[in-house]
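See below for the structure under consideration.
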Amino acid sequence: MATDKAYKVLARQQDISNKKAKELIDRGLVFVEDKKVKIARADIHTDTFFRVEYPEDIEILYQDNDVIAINKPAQVDSYEIQDAIEGAELLHRLDRDTSGVLLLGKNRDFINRAINEFKARRVEKHYVAWVEGVIYEKVEIDEPIFTVKKGKAFSMIDPLRGKKAHTLVKPEELQGKKSKVHIEITTGRTHQIRVHLAHIGHPIVGDEQYGSRTQSKRVLLHSAKMKILDYEFNAKEPKDIARYK
């Protein structure tokens, strides 16, 4: 049976350029049955059928002269959204796989005030996630996090080099051996929620980088609510978060 590079097979099927095909695979949008295609240059049978799942549309939750709140779809980079909104600047960022509330400032005065709120840890940040294993009771995690940013960022618990990080986890629902949890963080370290949950033996479903053994179309983490200054923003849970399949 003939084989070819995955991106070339995809390009022929979708009638797109090889460059576009590579980009779709690298963004995690290409599947064979229920398995994500991870390596664009992997050899694959030429009769393999690919399925491309494009991200949902970007939803504007609220905007005024100071701020714009977005319900970010999974598989969209935060900086792509910033680039698409003229004159807006990210106040924070979400990982590509993470959905939910994303905030951008629209003028320098508000941006500076908002940044001060983040630095002073006066911003409320609430998430929901599905995690491996069963969580029965509230868990509070105070473990310092150190991040290596060469290439793909990777964070770890490190008492010597790490920076203070605080995460509060509360159980919400059980589905077999998976738990839906509510998470509140007062700090904002890179991959903080993912690292802290992995540290207590409950990595987020789909988070293979930090130990999940369950295949998923994405890391099942959603930014549900943020409160900053006099604002409160809420993002409805997408289907994959609202109920674990």
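When all heavy atoms of A153 and T147 are compared, the pair lying nearest together is CB-CG2, 4.4 Å. Of all the heavy atoms in H182 and V128, the pair that sits closest is CA-CG1, 4.4 Å. Counting all heavy atoms, side chain and backbone alike, G100 lies closest to N71 at CA-OD1, 3.4 Å. T187 and K125 make their closest contact through O-NZ, 3.5 Å (heavy atoms, listed as atom of the first residue, atom of the second, distance). Scanning all heavy atoms of the two residues, the minimum distance from R218 to S99 falls at NH2-OG, 3.1 Å. Closest heavy-atom contact between Y79 and D77: N-OD1, 2.8 Å.
With hydrogens and angles ignored, the 3.5 Å screen pairs a side-chain donor or acceptor of H222 with a backbone N or O of A235. A donor-acceptor pair under 3.5 Å is absent between the side-chain atoms of W130 and the main chain of L221, judged by distance alone. Of the possible polar contacts, one joining the Q13 side chain to the T48 backbone as a donor-acceptor pair under 3.5 Å is found. The backbone N or O of Q175 lies less than 3.5 Å from no partner atom in the side chain of K180, so there is not a single donor-acceptor pair. H126 places no side-chain N or O within donor-acceptor distance of the main-chain N or O of M226, the cut-off being under 3.5 Å. H202 contributes a side-chain N or O that, together with a main-chain N or O of E132, makes up a donor-acceptor pair within less than 3.5 Å. Side chain of E208 to main chain of T214: no donor-acceptor pair is present (N/O by atom type, distance under 3.5 Å, no hydrogens or angles).
Of the inter-residue distances, the one linking D97 atom CG with S216 atom OG reads 8.0 Å to the nearest 0.5 angstrom. Atom CD1 of I157 is separated from atom NE2 of H196 by 4.0 Å, given to the nearest 0.5 angstrom. Taking CZ of R93 as the reference point, atom OG1 of T98 lies at 8.5 Å (rounded to 0.5 Å). Distance CG/L229 to CG/N116: 9.5 Å, rounded to 0.5 Å. Atom CG of L91 is separated from atom OG of S78 by 11.5 Å, given to the nearest 0.5 angstrom. Between the CG atom of D43 and the NZ atom of K8 there is a distance of 10.0 Å, given to the nearest 0.5 Å.
Within 6.0 Å of atom CZ in R12, more than 12 heavy atoms from other residues, nucleotides or ligands are found, so the atom counts as buried in its surroundings. The number of heavy-atom neighbours closer than 6.0 Å to CZ of R41, taken from other residues, nucleotides and ligands shown, is 12 or below. The local environment of CD1 in I39 is sparse, with at most 12 non-hydrogen atoms from other residues, nucleotides or ligands closer than 6.0 Å. When the shell of 6.0 Å around CG of N65 is examined, it contains 12 or fewer heavy atoms from other residues, nucleotides or ligands. Heavy-atom neighbours of R213 CZ from other residues, nucleotides or ligands within 6.0 Å: at or below the threshold of 12.
Checked by atom type, the side-chain pair S179/E173 shows no donor-acceptor distance below 3.5 Å. If you check the side chains of S155 and Q192, you find no donor sitting under 3.5 Å from an acceptor. One side chain, K106 or Q63, offers a donor N or O that lies under 3.5 Å from an acceptor on the other. Side-chain atoms of T3 and H45 include no donor-acceptor pair closer than 3.5 Å. A donor-acceptor pair shorter than 3.5 Å can be found between the side chains of Q209 and R194. Donor-acceptor pairing under 3.5 Å is lacking for the side chains of E184 and H166.
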Quiz item: What do the steps show when you test N234 against V101 for side-chain contact (heavy atoms from CB on, under 4.5 Å), and what is the final call?
Solution: CA-CA 7 Å; N234 295 271; V101 181; 5.8 Å; no

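Linking Ile, Leu, Val, Met, Phe, Trp and Tyr whenever their side-chain heavy atoms come within less than 4.5 Å leaves L102 and I111 in two separate clusters. Following chains of ILVMFWY side-chain contacts shorter than 4.5 Å, one cannot reach V195 starting from L197, and the two form parts of different hydrophobic clusters. Linking ILVMFWY side-chain heavy atoms closer than 4.5 Å, directly or via other members, places I185 and V123 in two distinct hydrophobic clusters. Under the 4.5 Å side-chain heavy-atom criterion for ILVMFWY residues, a single connected hydrophobic cluster contains both I204 and V139. By the criterion of side-chain heavy atoms lying less than 4.5 angstrom apart, applied directly or through intervening Ile, Leu, Val, Met, Phe, Trp or Tyr residues, I145 is not grouped with I200; the two fall into different hydrophobic clusters.
Checked against ring pair (Phe, Tyr, Trp, His ring centres under 6.0 Å), F31 has no partners two or more places apart in sequence or in another chain.
Ionic pairing of R189 and E143 is not present here: no N-O contact between side-chain nitrogen and carboxylate oxygen is shorter than 4.0 angstrom. R113 and D109 are joined by a salt bridge, as a carboxylate oxygen and a charged side-chain nitrogen come within less than 4.0 angstrom of each other.
Considering only heavy atoms from C-beta on, E89 stays 4.5 Å or farther from L104 through its side chain. Using a 4.5 Å cut-off on side-chain heavy atoms (C-beta onward), V219 and D95 make no contact. Using a 4.5 Å cut-off on side-chain heavy atoms (C-beta onward), L103 and I228 make contact. Residues K72 and I81 meet the side-chain proximity criterion, which asks for heavy atoms closer than 4.5 Å. The shortest side-chain heavy-atom distance between F146 and L160 does not fall under the 4.5 Å cut-off. P73 has its side chain within reach of I58: a pair of non-hydrogen atoms, C-beta onward, lies under 4.5 Å apart. I183 is not listed as a side-chain neighbour of L168, based on a closest heavy-atom distance of 4.5 Å or more.
Between Y231 and F110, the ring-plane angle classifies as perpendicular under the 30° and 60° cut-offs.
Between H191 and Y210, a ring centre-to-centre spacing shorter than 6.0 Å is recorded.
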